[in-house]
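Here is the structure we will look at, set down as structure tokens.
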Amino acid sequence: MALIKFPNRTVNSDVVNPYVNSFFDNIFNDSFISDRLVTRVPAVNIAETDKSFKIELAAPGLQKSDFKINVDKNLITISAEKKEETEVEEKLYSKKEFNYTSFTRSFSLPESVNYNDIEAEYVDGVLQVTVGKKEDAIVAKRLIEVK
């Protein structure tokens, strides 16, 4: 991903009709509308301990069976897909609603990863993936005495 700096522009840059631009800028920059226009990707916390890496994904409202975790070479991909369909039939009308939620997140793994020591757990809306390190990557800690 590249960061590109755009020149600053004033809200009322249109000399002919500054109120129209101001009105539309306020509508499209409103968080109520813009939140629904942006694809939802769960927030992620990544931490490193002495023996492992921990990846935490905030994904409430899903089931364990909705997740799929794939490891391919040095890339771990976490994805989820949930489909819901509700149908209500009354005397004069019928209503059918679809709800579809999906996301995919990929992370590069360092060379120090033990691919046989990867575990995942989903508790209280948080998916926690623990990726173990190789024995030679675990640094032994000890106190060095000064002579």
Side-chain angles (χ1 to χ4, degrees), residues 1-14 18-89 94-147:
M1 179 168 84
L3 296 177
I4 301 171
K5 185 175 181 180
F6 289 99
N8 290 337
R9 102 176 155 84
T10 59
V11 176
N12 295 330
S13 62
D14 187 6
Y19 299 107
V20 172
N21 280 347
S22 177
F23 175 75
F24 284 111
D25 282 343
N26 288 339
I27 286 179
F28 291 116
N29 291 331
D30 184 23
S31 65
F32 179 76
I33 293 173
S34 64
D35 284 349
R36 282 142 186 84
L37 298 176
V38 176
T39 304
R40 298 288 181 161
V41 179
V44 175
N45 293 330
I46 300 176
E48 180 178 2
T49 65
D50 293 338
K51 296 182 180 182
S52 65
F53 298 96
K54 295 194 184 292
I55 303 170
E56 294 178 331
L57 246 95
L62 298 174
Q63 304 278 332
K64 293 177 186 180
S65 59
D66 296 333
F67 291 100
K68 185 192 242 183
I69 302 171
N70 289 325
V71 177
D72 185 21
K73 296 183 183 175
N74 67 335
L75 192 70
I76 185 167
T77 302
I78 302 169
S79 60
E81 185 174 322
K82 183 177 183 177
K83 298 177 185 178
E84 288 183 21
E85 182 178 328
T86 59
E87 188 171 347
V88 177
E89 291 193 26
S94 75
K95 179 174 89 169
K96 195 172 197 178
E97 292 184 3
F98 296 100
N99 186 8
Y100 182 78
T101 304
S102 71
F103 69 85
T104 300
R105 297 289 308 255
S106 295
F107 306 96
S108 296
L109 296 173
E111 293 180 12
S112 61
V113 165
N114 180 0
Y115 291 97
N116 295 323
D117 187 17
I118 299 176
E119 297 177 350
E121 183 179 22
Y122 183 67
V123 177
D124 296 333
V126 177
L127 176 70
Q128 184 172 17
V129 180
T130 305
V131 181
K133 292 182 180 179
K134 293 179 184 174
E135 285 296 323
D136 57 343
I138 298 173
V139 178
K141 292 184 179 180
R142 63 186 182 114
L143 181 62
I144 308 296
E145 185 178 326
V146 179
K147 294 182 183 180

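A quick note: this is a predicted structure, and the numbers were derived from the prediction, not measured.
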Drop me the distance from [X]'s [atom1] to [Y]'s [atom2], to the nearest 0.5 angstrom.
X: Lys51; Y: Asn114; atom1: NZ; atom2: CG; result: 13.0 Å
X: Tyr115; Y: Asp72; atom1: OH; atom2: CG; result: 9.5 Å
X: Phe107; Y: Ile55; atom1: CZ; atom2: CD1; result: 5.5 Å
X: Ser102; Y: Asp66; atom1: OG; atom2: CG; result: 11.0 Å
X: Gln128; Y: Glu119; atom1: CD; atom2: CD; result: 10.0 Å
X: Leu109; Y: Lys73; atom1: CG; atom2: NZ; result: 13.5 Å

Which atoms form the tightest heavy-atom contact between [X] and [Y], and what is the distance?
X: Gly132; Y: Ser52; value: CA-CB, 4.0 Å
X: Phe103; Y: Ile78; value: CE1-O, 4.1 Å
X: Ala120; Y: Ile69; value: CB-CD1, 3.5 Å

Side-chain donor or acceptor of Lys134 paired with backbone N/O of Glu111 under 3.5 Å: yes
Residue pair Arg105, Val41: steps toward the side-chain contact (heavy atoms from CB on, under 4.5 Å) verdict: CA-CA 8 Å; Arg105 297 289 308 255; Val41 179; 3.0 Å; yes
Contacts of Glu56 that satisfy salt bridge (charged side-chain N to carboxylate O under 4.0 Å, His left out) - sequence neighbours left out: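 Not a single residue meets the salt bridge (charged side-chain N to carboxylate O under 4.0 Å, His left out) criterion with Glu56.
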side-chain contact (heavy atoms from CB on, under 4.5 Å) evaluation trace for Leu75 with Ser108: CA-CA 5 Å; Leu75 192 70; Ser108 296; 4.2 Å; yes
Working for salt bridge (Lys or Arg N to Asp or Glu O under 4.0 Å), residues Lys133 and Glu48: CA-CA 10 Å; Lys133 292 182 180 179; Glu48 180 178 2; 2.5 Å; yes
Ring pair (Phe, Tyr, Trp, His ring centres under 6.0 Å) partners of residues 58-84, not counting sequence neighbours, each pair once: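 For residues 58-84, and leaving out neighbouring residues, the ring pair (Phe, Tyr, Trp, His ring centres under 6.0 Å) pairs sorted by first residue read Phe67-Tyr122.
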